[in-house]
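A short write-up of the structure that comes next.
Counting from 1, the numbers follow the sequence of the chain as shown. Indexing begins at 1, ligand by ligand and atom by atom, following the structure's order.
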Amino acid sequence: METTLILFKPDALHRGLAGRILSRFEEKGLQIVGLKLLTMSQEMAAQHYAEHVGKPFYDGLVGFMTSSPIIALALRGPGAIHVARSLMGKTFGNEAEPGTIRGDFGNSRSYNLIHGSDSAESATRELGIFFPEGLQEWTPITAPWLWDAE
Ligand code: IDP
Ligand code: MG
């Protein structure tokens, strides 16, 4: 079982796509264990995007991500990190496959709607930034069928 950190970026909220994007994950069977609306501080953005410091797009990315509210989401399920990334599609909307969130809802290289953790280490680190208080522990009544559990 894995837990991943998803962010709906400001463009997802401005474009009124938050509900539709959330539905993709719910329909897939990922469990919501954390959900909040917040505006990212400069400090949070710097921590979250530390690996990108110095890249040409870094200042624009941080400016965009701190410009208005985002939704932070913690999702759980078997292989949740990879499963969520595959639902999201490739980084740039104009390269992402149709059927993916980025492939269906965007055509931009900078405004790509969503972030998802890329590894177990990233997920642990990023969940700590957005959910320092911890996550909600609960068991969906459908868990045996969602998770291949007995
Ligand atoms: P990811 O979001 O698919 O993991 P990363 O390479 O980790 O992609 O980049 C983080 C974010 O930085 C991207 O989601 C995108 O918003 C932005 N970004 C990455 N590369 C570029 C670029 O070449 N131009 C503009 N923005 C970029
Ligand atoms: Mg990344």
Side-chain angles (χ1 to χ4, degrees), residues 1-137 140 146-147:
M1 198 60 76
E2 286 179 350
T3 308
T4 189
L5 185 274
I6 302 292
L7 302 177
F8 295 180
K9 298 185 179 184
D11 53 333
L13 279 81
H14 282 278
R15 293 181 54 202
L17 292 171
R20 293 176 71 187
I21 295 173
L22 181 58
S23 291
R24 297 282 180 108
F25 294 110
E26 279 197 292
E27 289 163 351
K28 183 69 175 171
L30 295 174
Q31 179 197 11
I32 299 171
V33 290
L35 178 65
K36 64 172 74 161
L37 180 73
L38 73 153
T39 302
M40 252 170 121
S41 66
Q42 293 292 326
E43 294 69 30
M44 290 170 93
Q47 263 187 289
H48 180 68
Y49 284 122
E51 67 175 302
H52 296 302
V53 170
K55 294 185 184 169
F57 59 84
Y58 177 80
D59 288 345
L61 176 62
V62 168
F64 166 55
M65 290 299 293
T66 56
S67 64
S68 62
I70 62 164
I71 288 175
L73 184 61
L75 293 176
R76 183 168 293 168
I81 296 165
H82 169 76
V83 169
R85 294 274 296 188
S86 65
L87 291 179
M88 288 163 49
K90 289 184 187 165
T91 299
F92 301 123
N94 58 357
E95 294 173 359
E97 295 287 327
T100 64
I101 293 164
R102 286 165 166 172
D104 284 352
F105 295 133
N107 199 26
S108 163
R109 298 178 74 81
S110 300
Y111 307 107
N112 60 359
L113 299 161
I114 190 162
H115 165 86
S117 306
D118 63 8
S119 67
E121 297 69 35
S122 301
T124 301
R125 189 178 71 79
E126 295 170 359
L127 287 164
I129 299 171
F130 292 93
F131 296 97
E133 71 282 14
L135 302 170
Q136 289 285 323
E137 300 301 326
L146 284 176
W147 299 336

- Task: Under 4.0 Å from a heavy atom of Arg85: give me the atoms of ligand 1 that qualify, with their elements.
- Result: 1 (P), 3 (O), 4 (O)

- Atoms of ligand 1 under 4.0 Å from any heavy atom of Arg109, numbered from 1 in the order shown, are 25 (C), 26 (N), 27 (C)

- Message: Give me the nearest non-hydrogen protein atom to atom 8 (O) of ligand 1 as residue plus atom name, then the distance to 0.1 Å.
- Response: Thr91 OG1, 3.3 Å

- Task: Could you tell me whether Tyr111 and Phe64 have their ring centroids closer than 6.0 angstrom?
- Result: yes

- Item | Heavy atom of the protein closest to atom 25 (C) of ligand 1 (residue, atom name, distance) | Ser110 OG, 3.4 Å

- Query: To which protein heavy atom is atom 23 (O) of ligand 1 closest, and what is the distance rounded to 0.1 Å?
  - Reply: Phe92 CZ, 3.6 Å

- Message: Closer than 4.0 angstrom, basic N to acidic O: yes or no for Arg125 and Glu51?
- Response: no

- Consider ligand 1: state whether an atom of it lies below 4.0 angstrom from any non-hydrogen atom of Tyr111. no

- CA sep, side-chain torsions, deciding dist, call: Lys9, Leu113, side-chain contact (heavy atoms from CB on, under 4.5 Å): CA-CA 5 Å; Lys9 298 185 179 184; Leu113 299 161; 5.7 Å; no

- Item | Which of the ligand 1 atoms, numbered from 1, are nearer than 4.0 Å to a heavy atom of Lys9 | 13 (C), 14 (O), 15 (C), 16 (O)

- May I ask you to test the Asp104-Arg24 pair for a side-chain heavy-atom distance under 4.5 Å? yes

- Item | Lys55: partners by side chain to side chain donor-acceptor pair (under 3.5 Å), with sequence neighbours left out | His52

- How far is atom 20 (N) of ligand 1 from its nearest protein heavy atom, and which residue and atom is that? Phe57 CE2, 3.4 Å

- Is the His115-Phe8 ring centre distance short of 6.0 angstrom? no

- Could you check atom 11 (C) of ligand 1 against the protein and tell me its nearest heavy-atom contact, residue, atom and distance included? Leu61 CD2, 4.0 Å

- Where do Ile71 and Ala18 come nearest, in terms of heavy atoms and distance? CD1-CB, 4.0 Å

- Message: Could you go through Arg109 and Glu95, starting from their C-alpha distance and side-chain angles, then the distance that decides it, and tell me whether this counts as salt bridge (charged side-chain N to carboxylate O under 4.0 Å, His left out)?
- Response: CA-CA 9 Å; Arg109 298 178 74 81; Glu95 294 173 359; 3.2 Å; yes

- At a 4.0 Å cut-off, with the gap strictly under it, does some heavy atom of Lys55 reach an atom of ligand 1? no

- re atom 2 (O) of ligand 1, the protein heavy-atom contact at minimum distance is Arg102 NH2, 3.1 Å

- Task: List every atom of ligand 1 that sits less than 4.0 Å from any heavy atom of Asn112, numbering the atoms from 1 in the order shown and giving each element.
- Result: 13 (C), 14 (O), 15 (C), 16 (O)

- How far is atom 7 (O) of ligand 1 from its nearest protein heavy atom, and which residue and atom name does that atom have? His52 NE2, 3.0 Å

- Which residues share a side chain to side chain donor-acceptor pair (under 3.5 Å) with Arg20, sequence neighbours left out: none

